[in-house]
Q: 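First the structure, then my questions, so here it is.
As the structure is a computational prediction, the values presented were derived from the model and not from experiment.
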Amino acid sequence: MSPSSQHVEIELAGRGAQSTLSERSTRSWWRGLLALAVALAPALSAVWAVPWFVTQDGPAHVYNAQILADSFDPRSPSRLVYTISWKPIPNWMGHLVLAGLVSTLPAWVADRIMTSVTLAGLAVATLWLRWRVAGTRGLGAAALLSAFLAMNLPWLLGFTSFLLGSCLFPITLGIWWEGRYQLSARRIAFLAAFLTLGYFCHLVS
């Protein structure tokens, strides 16, 4: 066998091994997502199936979002009572998202969508960060931990803006982690954008 043919065989074997590892990684990732979905299913089912399921601050946030949405309608009577302060301060993001939802959906649906998004979003974001940092090994157990982390006290209290910021922070860390030794201008711009969005969610998160 000539050296060139040996080189071709070694290269093909290397490609085959990489393909196998990629397939295993993909299967592990989907198994992790499946484990996460199963772990979150009881809580998400409770949100949508239990009559009058509400968080502590959820109704107040929906009320404020309705006022915010009505402020764009010149015929709304709330414009005679409330004035919107558009100062660029934290806690805006949750109200803006909710205002968009209540503009097209019933208030109770908007509230439950936000409750579901802040639960599943934090779980998926933390699982994604774990995958970025440590790969797919043990992703099933990490999915369970991510689900338990998402079912937290601030979620039950309805701190929507804080939780949206908590969803953004693992994503920000994941973007930084992948290119932490070679920070390109594009990556820095992405980090700046996510940090800015995080600021408008909540300072602490």
Q: Any chance you could lay out the side-chain contact (heavy atoms from CB on, under 4.5 Å) test for I171 and L129, step after step, and finish with the verdict?
A: CA-CA 7 Å; I171 299 173; L129 176 61; over 6 Å; no
Q: Is the W128 ring parallel, tilted or perpendicular to the W131 ring (thresholds 30°, 60°)?
A: tilted
Q: Are Y199 and P90 close enough that some pair of their side-chain heavy atoms sits under 4.5 Å apart?
A: yes
Q: What's the shortest heavy-atom distance between A35 and A143, and which atoms?
A: CB-CB, 4.0 Å
Q: Might you work through the side-chain contact (heavy atoms from CB on, under 4.5 Å) test for L96 and L68, ending with a clear yes or no?
A: CA-CA 8 Å; L96 288 176; L68 182 61; 3.9 Å; yes
Q: Does the side-chain contact (heavy atoms from CB on, under 4.5 Å) test come out yes or no for R130 and L139, once each step is laid out?
A: CA-CA 8 Å; R130 194 272 182 191; L139 205 62; 3.8 Å; yes
Q: Could you check N152, L164, I113, V97 and say which one makes a side-chain contact (heavy atoms from CB on, under 4.5 Å) with T118?
A: L164
Q: Taking the side chain as everything from C-beta on, heavy atoms only, tell me whether R187 gets closer than 4.5 Å to I175.
A: yes
Q: Does any non-hydrogen side-chain atom of P106 lie less than 4.5 Å from one of V109?
A: yes
Q: To the closest 0.5 Å, what do you measure between CG (L127) and CG (L33)?
A: 6.5 Å
Q: In Å, rounded to the nearest 0.5 Å, how long is the span from CG of L173 to CZ of F194?
A: 11.5 Å
Q: Going only through I, L, V, M, F, W and Y residues with side-chain contacts under 4.5 Å, is there a path from V62 to L157?
A: yes
Q: Under 4.5 Å between side-chain heavy atoms, hopping through other hydrophobics if needed: is there a path connecting L145 to L153?
A: no
Q: For the atom pair CG (L105) and CZ (R112), what is the distance rounded to the nearest 0.5 Å?
A: 13.0 Å
Q: To check you understand the geometry: which heavy-atom pair defines the closest contact between A110 and V102, and what is its length?
A: CB-CG1, 3.7 Å
Q: Show the nearest heavy-atom pair for residues C167 and A125, with the distance to one decimal.
A: O-CB, 3.4 Å
Q: Between R180 and W177, is NZ or CZ placed under 6.0 angstrom from the six-membered ring centre and within 45° of the ring axis?
A: yes
Q: Supply the atom-to-atom distance L149 CG to L144 CG, rounded to the nearest 0.5 angstrom.
A: 12.5 Å
Q: Between S205 (side chain only) and H202 (backbone N and O only), is there a donor and an acceptor less than 3.5 Å apart?
A: yes
Q: Walk me through it: do S116 and W48 pass the test side chain to side chain donor-acceptor pair (under 3.5 Å)?
A: CA-CA 9 Å; S116 302; W48 290 95; 2.8 Å; yes
Q: Picking from V124, L163, L156, L44, what satisfies side-chain contact (heavy atoms from CB on, under 4.5 Å) with L119?
A: L44
Q: For side-chain contact (heavy atoms from CB on, under 4.5 Å), just list the numbers for T115 and F53, CA-CA rounded to whole Å, side-chain angles, deciding distance to a tenth of an Å, and then say yes or no.
A: CA-CA 10 Å; T115 303; F53 182 98; 4.1 Å; yes
Q: Which word best sums up how the rings of Y82 and Y63 line up, parallel for under 30°, tilted for 30 to 60°, or perpendicular for over 60°?
A: perpendicular
Q: Nearest heavy-atom pair of A65 and H95: which atoms, and what distance?
A: CB-O, 4.0 Å
Q: Any heavy-atom pair between the side chains of L195 and W176 that's under 4.5 Å?
A: no
Q: Can you confirm if the aromatic rings of W52 and W108 lie within a centre distance of less than 6.0 Å?
A: no
Q: Rounded to the nearest 0.5 Å, how far does CD1 of I89 lie from CZ of F200?
A: 9.5 Å
Q: Are V81 and I84 connected in the hydrophobic side-chain network, where two residues link if heavy atoms are under 4.5 Å apart?
A: yes
Q: To the nearest 0.5 Å, tell me how far L191 CG sits from R186 CZ.
A: 12.0 Å
Q: Testing the basics here: between S78 and S76, what is the closest heavy-atom pair and its distance to 0.1 Å?
A: OG-OG, 2.8 Å
Q: Just so I know, are the side chains of L101 and D111 near enough to count as touching, which here means a heavy-atom distance under 4.5 Å?
A: no
Q: C201 and S161: which non-hydrogen atoms are nearest, and at how many Å?
A: O-CB, 3.2 Å
Q: Check M93, Q66, H61 against L98 for a side-chain contact (heavy atoms from CB on, under 4.5 Å) and give me the one that passes.
A: H61
Q: Is there a path of hydrophobic side-chain contacts, each under 4.5 Å between heavy atoms, that joins F162 and L197?
A: yes
